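Presented below is the structure to which this report refers.
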Amino acid sequence: MNDRYTRTAIYLHWLVALGLIGTFALGFYMPELALSPTKLKLYSWHKWAGVTLFFLVLLRLGWRLAHPAPPLPSTVSALSRFASHVSHGLMYALMLAIPLSGWLMSSALGFQTSWFGVLPLPDLLPKDAALGDRLKDLHEVLNFILLTLVIVHTGAALKHHFIDRDDVLTRILPSKH
């Protein structure tokens with residue numbers, strides 16, 4: 001039995017993790033900027049990253065369904081196993097819902113989303129500023145929920161590594177082999 005994730009799963013995990021860090025950072029930074037070409041450029045980058053992450057998460061989810069995660073160590077309690085499955089499911093759902101909420105928000109606010117500035121995506125909603133504002137609030141709330149789950153996920157992985165001293169963290173780390 002293999003106790004590590006596949007190489008593809010490992011790379012997708014860390015690629016998505018880095019993408020989330022970048023989009024979280026931009027998401028917190030750019031709203032406070034004065035309207036300028038820089039602010040507009042950062043919003044474009046944020047959207048490009050969001051669309052890219054959406055497709056990477058779909059790929060990752062498809063890979064995960066075809067290549068199940070290695071089983072947790074037998075020392076992990078039933079409650080911890082349940083919490084792990086629920087939190088992973090919520091993170092996947094949020095990583096898909098958040099880019100969609102951003103795309104819907106952009107559509108409602110009248111700002112077309114494009115991928116890398118070359119592939120315009122269709123507006124999903126007609127322009128409606130009030131709806132756009134509600135979607136902006138939803139987008140922010142979903143991001144805070146995901147950020148909280150990512151922090152808990154990271155804390156749990158570190159707990160497994162430093163306190164439980166099991167292989168839960170090391171099986172997702174890139175290896176030299």
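Positions are given from 1 along the sequence. Quantities reported herein were computed from a predicted structural model and do not represent experimental measurements.
Looking at I145 and L90, their side chains never come closer than 4.5 Å, going by heavy atoms from C-beta outward. L125 places a side-chain heavy atom less than 4.5 Å from the side chain of L135. No side-chain heavy atom of F82 sits under 4.5 Å from any side-chain heavy atom of S87. Residues T52 and L56 meet the side-chain proximity criterion, which asks for heavy atoms closer than 4.5 Å. Inter-residue side-chain proximity for T8 and R60 is flagged as unmet; no heavy-atom pair is nearer than 4.5 Å.
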Intermediate values then yes/no, side chain to side chain donor-acceptor pair (under 3.5 Å), W45 and T23: CA-CA 9 Å; W45 290 356; T23 55; over 6 Å; no
F111 and K47: side-chain contact (heavy atoms from CB on, under 4.5 Å), yes or no, with the steps? CA-CA 11 Å; F111 299 107; K47 288 180 182 184; 3.7 Å; yes
Under the side-chain contact (heavy atoms from CB on, under 4.5 Å) criterion, do L121 and Q112 qualify, and how do the steps go? CA-CA 7 Å; L121 302 178; Q112 186 174 34; 5.8 Å; no
Let me see the working for F144 and F28 under ring pair (Phe, Tyr, Trp, His ring centres under 6.0 Å), right down to the final yes or no. CA-CA 11 Å; F144 278 111; F28 285 115; 5.5 Å; yes
side-chain contact (heavy atoms from CB on, under 4.5 Å) evaluation trace for E140 with K136: CA-CA 6 Å; E140 289 175 2; K136 179 179 182 265; 3.3 Å; yes
Could you walk me through whether L149 and M91 pass side-chain contact (heavy atoms from CB on, under 4.5 Å), step by step? CA-CA 7 Å; L149 285 171; M91 284 192 292; 3.8 Å; yes
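When the side chains of ILVMFWY residues are joined at heavy-atom separations under 4.5 Å, either directly or via intervening members, M95 and V86 end up in a single hydrophobic cluster. In the hydrophobic clustering of ILVMFWY residues, with side-chain heavy atoms under 4.5 Å counting as a link, F116 and L26 come out together. By the rule that hydrophobic residues join a cluster once side-chain heavy atoms approach within less than 4.5 Å of another member, W14 and V16 end up as members of separate clusters. V152 and L72 sit in two unconnected hydrophobic clusters of ILVMFWY residues. Membership requires side-chain heavy atoms under 4.5 Å apart, directly or through other members. Residue L158 is not grouped with residue V150 when hydrophobic side chains (ILVMFWY) are merged at heavy-atom distances under 4.5 angstrom, including chains of intermediate members.
Considering all non-hydrogen atoms of both residues, P120 and S114 come closest at CA-CB, 3.8 Å. Between I172 and A9, the shortest heavy-atom distance links the atoms CD1-O, 4.4 Å. Minimum heavy-atom separation, G132 to M105: O-CG, 3.7 Å. Closest of all the heavy-atom pairs between K39 and P31 is NZ-O, 3.3 Å. R81 and P73 make their closest contact through NH2-O, 2.7 Å (heavy atoms, listed as atom of the first residue, atom of the second, distance). Residues P71 and R171 share a closest heavy-atom pair of O-NH1, 2.9 Å.
Checked against the 6.0 Å centroid criterion, the rings of Y5 and Y11 do not qualify as a close aromatic pair.
With S36 as the fixed residue, the side-chain contact (heavy atoms from CB on, under 4.5 Å) test singles out one of L40, T38, L33: T38.
With hydrogens and angles ignored, the 3.5 Å screen pairs no side-chain donor or acceptor of D164 with any backbone N or O of D166. A donor-acceptor contact shorter than 3.5 Å is absent between the side chain of R64 and the backbone of L59. At distances below 3.5 Å, at least one donor-acceptor pair connects side-chain atoms of S106 with backbone N or O atoms of G102. Side-chain N or O atoms of H139 include one that pairs as donor or acceptor with a backbone N or O of I98 at under 3.5 Å. Although no hydrogens or angles enter the test, the distance criterion places a donor-acceptor pair under 3.5 Å between the side chain of D128 and the main chain of L131.
The distance from atom CG of L147 to atom CD1 of I151, rounded to the nearest 0.5 Å, is 4.0 Å. The CG atom of L169 lies 4.5 Å from the CG atom of L173; values are rounded to the nearest 0.5 Å. Here the CG atom belonging to L65 is positioned 8.0 Å from the OH atom belonging to Y92, to the nearest 0.5 angstrom. Between the CG atom of L124 and the OG atom of S107 there is a distance of 4.5 Å, given to the nearest 0.5 Å. Separating the OG1 atom in T148 from the CG atom in N143 is a distance of 10.5 Å, to the nearest 0.5 Å. A distance of 15.0 Å separates OG in S44 from CH2 in W115, rounded to the nearest 0.5 Å.
Between Y43 and H46, the angle of the ring planes goes over 60°, which puts this pair in the perpendicular group of the 30/60° scheme. Note on ring orientation: taking the six-membered ring where Trp is involved, the planes of H153 and H88 are perpendicular (angle over 60°, cut-offs 30° and 60°).
No more than 12 heavy atoms of other residues, nucleotides or ligands lie within 6.0 Å of NZ in K127, so this atom counts as exposed by the packing criterion.
Between T113 and W48, the side chains place no donor N or O within less than 3.5 Å of an acceptor N or O (distance only, hydrogens not considered).
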